[in-house]
Protein chains: 2
Amino acid sequence: MPIQKSKVTIFDVARASGVSSSAVSYALNGKSGVSDVTRDKVLKVAHELGWKPNGAAQALAKSKTQRVGLVLGYDPKLLSVEPYMMELISGLGAELEKYDYSLLVRMAVDENAKLAIIDDWIATGNVDAMLLVNVELGDPCVALLEEHEEMPVLAIADASVAGNLPSLSSADADAVRQAVRYLYDLGHRQIARVGGPESLAHSYIRDSAFADVASELGMRYRCLHTDYTPETGSEATKRLLSFPEHPTAIIYDNDVMALAGLGVAASQGIKVPEEISIMSWDDSFMCTAAYPNLTAMGRDVVDTGKQAAGLLLKLIDGERVGHLMEGPYELRARASTGPAPAEEKMR
Amino acid sequence: MPIQKSKVTIFDVARASGVSSSAVSYALNGKSGVSDVTRDKVLKVAHELGWKPNGAAQALAKSKTQRVGLVLGYDPKLLSVEPYMMELISGLGAELEKYDYSLLVRMAVDENAKLAIIDDWIATGNVDAMLLVNVELGDPCVALLEEHEEMPVLAIADASVAGNLPSLSSADADAVRQAVRYLYDLGHRQIARVGGPESLAHSYIRDSAFADVASELGMRYRCLHTDYTPETGSEATKRLLSFPEHPTAIIYDNDVMALAGLGVAASQGIKVPEEISIMSWDDSFMCTAAYPNLTAMGRDVVDTGKQAAGLLLKLIDGERVGHLMEGPYELRARASTGPAPAEEKMR
DNA sequence: TTGTAGGCGTTATCAC
DNA sequence: GTGATAACGCCTACAA
């Protein structure tokens, strides 16, 4: 029964196995400098006693905490309205686990709190590296971290806003092309986008990519901004539908808004996809639960998390990492999109 | 410019302010034993140098990590399909932040991994306390933690499955009564529940509460189990609707399944709420984005997280905590529920 | 191969 | 009020 109430130290193990504390340390860290016989004995005794190195002591001695930090902006609604963050955390956590790393999470009420937390981690050494998410245009966090090369960081952001920091960006530009082309091929010539907050870098990036591709293909394009909630999504939809020549397809920046769009159409008796096509950016259970099932641009966020974990570990090991791109989006065509209505096609 | 590349220690502060390191420690921890003049000087110098205590050293000396642990079961779909966990984390993190505590998160691939992580935390002292979530019936984690009183734990679970551990439980029984009564008053006499996995304690608890209240009111009640995904939710709905005398109201254990239920009804041309009422357990953006808006039993999960944080801090301080209950559910009546169809009422 | 001793950065106990 | 000094538990040269 390896259950011990009081904490057992390396000295206890040393005494019980009749060797010195350093022998124990060597044995348990798999380092040479100790005979196989002793090693086995020490390992056995350590196991029997239920010994594990004290985290704080180990961290102090090695100046390695085995922890990676993640600062989240405190906005429970934003965080929970999309599965994104939880999926990212899942992948991140699962991969870190393989290397005995843990995830240290803190909530920042605002931009200053976020900066303070980063400062804190740099000074206290409470994490070996950190992941920067939700980067905004001209984000001061980027500047702060650029000044502190001693803190390994990976930004989940487009290279254009990550500065000199290593980054992992989503294949947005490519996905926008894919999505717009898909609608174009279905005959749509007037499309709209219901985007997220303009302050977020990725909203901006998608905005311009959409505008570019649409104009390239000679399509009419318009974009409205929201705060990601279904209320603002509905509102935007109503506005779009109120225009005399309204779009024949709308792409929403998240699934909750796409669902709300579906609702607006239903309440106005507009048939989906016969009269209007609806498409969601980011796929989730919600898309397959909705009726009709929502066509979505999906990507494997869990995998992004895993990839990020791998990169962070590389950075901790001192390797250099540049600007990388996560796996491609996949267009998952479902029932909410279809050929553009005939009258529009003829135009 | 308080920016320092190399880490500054307490000795640097001591030297720069012409006192000893212990004076610095006293001054910075607000303890007596140092004159106000020295204290102010030390504080000033420390700030100028951008000094902050090294986390590992502090943890080692005080045997307090300022960290609270949370083990999540690795199932990205389950984690992200519901906003629950992210909301809990938000509240938890925000409250902990106020007391300079952080959240340490680890992912457990299975039950054994979960036990191993708990064991690890007990032995390494990497967290000051931990939160136990998703407790199952006869959960071995509960037993393990009961044996280790030295590790403060709070179980987010019904008192009946938390054993001797302090617990914070949801007001499920009361909410079930509220929900069933609501449907009863609308004239429903045949209701069904689409529940989550039977292994989860709270599924079981809701199951029996439903059965009790329904029989008490003389209603017909039946229950099907799922894995929380929309696919199994749809399937269950189809089965329920295939019965000759099918229920006039269905309550789903989460919103994604309720949404799927809405979809099944729409696809079969069954009108909601005229022909069938649909209700969701747990409210989220999805409920107000759906069409018709879903009636839901809502609760403030973020607040539960905050409450949990407060209790954990108490436990860390050595206070005793028993079995507590979180705030009540709120029935948020929306468009997806209505009077039972006439033919049913007459029966 | 083994053991001894010093260091990691703080805190806390002592004499002064 | 102040300043050495010993923990805290582990790692790792360096000696034996």
Side-chain angles (χ1 to χ4, degrees), chain A residues 4 6-43 45-46 49-66 100 120-128 150, chain B residues 4 6-43 45-46 49-67 100 120-126 128 150:
Chain A
Q4 296 283 334
S6 56
K7 41 221 101 204
V8 22
T9 79
I10 207 172
F11 289 97
D12 299 321
V13 179
R15 195 170 342 104
S17 40
V19 295
S20 75
S21 68
S22 54
V24 176
S25 181
Y26 284 134
L28 289 152
N29 291 317
K31 297 211 172 182
S32 62
V34 69
S35 71
D36 286 352
V37 184
T38 331
R39 180 186 305 277
D40 290 348
K41 177 160 197 175
V42 168
L43 288 174
V45 172
L49 264 51
W51 178 88
K52 293 221 184 172
N54 174 285
Q58 203 169 39
L60 182 56
K62 308 212 299 191
S63 38
K64 282 279 174 239
T65 60
Q66 301 291 109
D100 282 312
D120 183 65
W121 278 344
I122 291 172
T124 62
N126 272 330
V127 295
D128 292 341
E150 73 273 22
Chain B
Q4 295 284 334
S6 55
K7 41 221 100 206
V8 22
T9 80
I10 208 171
F11 289 97
D12 298 323
V13 179
R15 197 173 337 107
S17 40
V19 295
S20 76
S21 69
S22 46
V24 175
S25 183
Y26 282 134
L28 290 152
N29 290 318
K31 299 210 170 180
S32 63
V34 68
S35 70
D36 286 354
V37 184
T38 339
R39 180 187 305 276
D40 290 348
K41 177 158 196 177
V42 168
L43 288 175
V45 172
L49 264 50
W51 178 88
K52 293 218 183 172
N54 174 286
Q58 203 168 38
L60 181 58
K62 307 212 299 190
S63 42
K64 282 279 173 238
T65 61
Q66 300 291 111
R67 259 171 267 138
D100 282 312
D120 183 67
W121 278 343
I122 291 172
T124 62
N126 272 330
D128 293 342
E150 72 271 24

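Within every chain, numbering begins at 1; the chains are lettered A, B, ... in the order of the sequence lines, protein sequences first and strands thereafter. All values derive from a computational prediction rather than experimental measurement.
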Please determine whether any donor N or O and acceptor N or O are separated by less than 3.5 Å between the side chain of [X] and the base of [N].
| X | N | value |
| --- | --- | --- |
| A:Ser22 | C:dT4 | yes |
| B:Ser21 | D:dA4 | no |
| B:Thr9 | C:dG9 | no |
| B:Ser35 | D:dG1 | no |

If you compare all heavy atoms of [X] against all heavy atoms of [Y], which two are closest, and at what distance to 0.1 Å?
| X | Y | result |
| --- | --- | --- |
| B:Gly125 | B:Thr65 | O-CG2, 3.1 Å |
| A:Ile10 | A:Ser21 | CD1-O, 3.7 Å |
| A:Leu28 | A:Trp51 | CD1-CZ3, 3.3 Å |

Rounded interatomic separation in angstrom, taking [atom1] from [X] and [atom2] from [N]:
| X | N | atom1 | atom2 | answer |
| --- | --- | --- | --- | --- |
| A:Ile10 | C:dG7 | CD1 | C1' | 15 Å |
| A:Phe11 | C:dT4 | CZ | P | 10 Å |
| B:Asn126 | D:dG9 | CG | C1' | 13 Å |
| A:Lys62 | C:dG6 | NZ | P | 23 Å |
| B:Lys64 | D:dC8 | NZ | C1' | 14 Å |
| A:Asp36 | C:dT2 | CG | P | 10 Å |
| A:Leu28 | D:dC10 | CG | P | 10 Å |
| A:Asn54 | C:dC8 | CG | P | 18 Å |

Worksheet item: Side chains of A:Tyr26 and A:Thr38: closer than 4.5 Å at any heavy-atom pair?
Response: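 Result no, sub-4.5 Å side-chain heavy-atom pair not found.
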Discussion item. Just so I know, are the side chains of B:Asn54 and B:Thr9 near enough to count as touching, which here means a heavy-atom distance under 4.5 Å?
Written reply: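 B:Asn54 does not reach B:Thr9 side chain to side chain.
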Practice prompt. Specify the residue among A:Arg39 and B:Pro53 whose closest nucleotide of DNA chain C lies further upstream toward the 5′ end.
Written response: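 The residue closer to the strand's 5' end, by nearest nucleotide, is A:Arg39.
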Options [options], nucleotide nearest the side-chain atoms of [X]:
| X | options | result |
| --- | --- | --- |
| A:Leu60 | C:dG9, D:dG3, C:dG3 | C:dG9 |
| B:Ala61 | D:dT2, D:dG3, D:dC8 | D:dC8 |
| B:Ser25 | C:dG3, C:dT11, C:dC14 | C:dT11 |

Would you say [X] places a side-chain N or O within less than 4.0 Å of OP1 or OP2 belonging to [N]?
| X | N | result |
| --- | --- | --- |
| A:Gln58 | D:dC11 | yes |
| A:Thr38 | C:dT2 | yes |
| A:Asn29 | D:dC11 | yes |

Worksheet item: With a 4.0 Å cut-off on heavy atoms, is B:Lys52 in touch with a base, just the backbone sugar-phosphate, or nothing at all?
Response: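 The answer is sugar-phosphate, as B:Lys52 gets under 4.0 Å only of primed atoms, P, OP1 or OP2.
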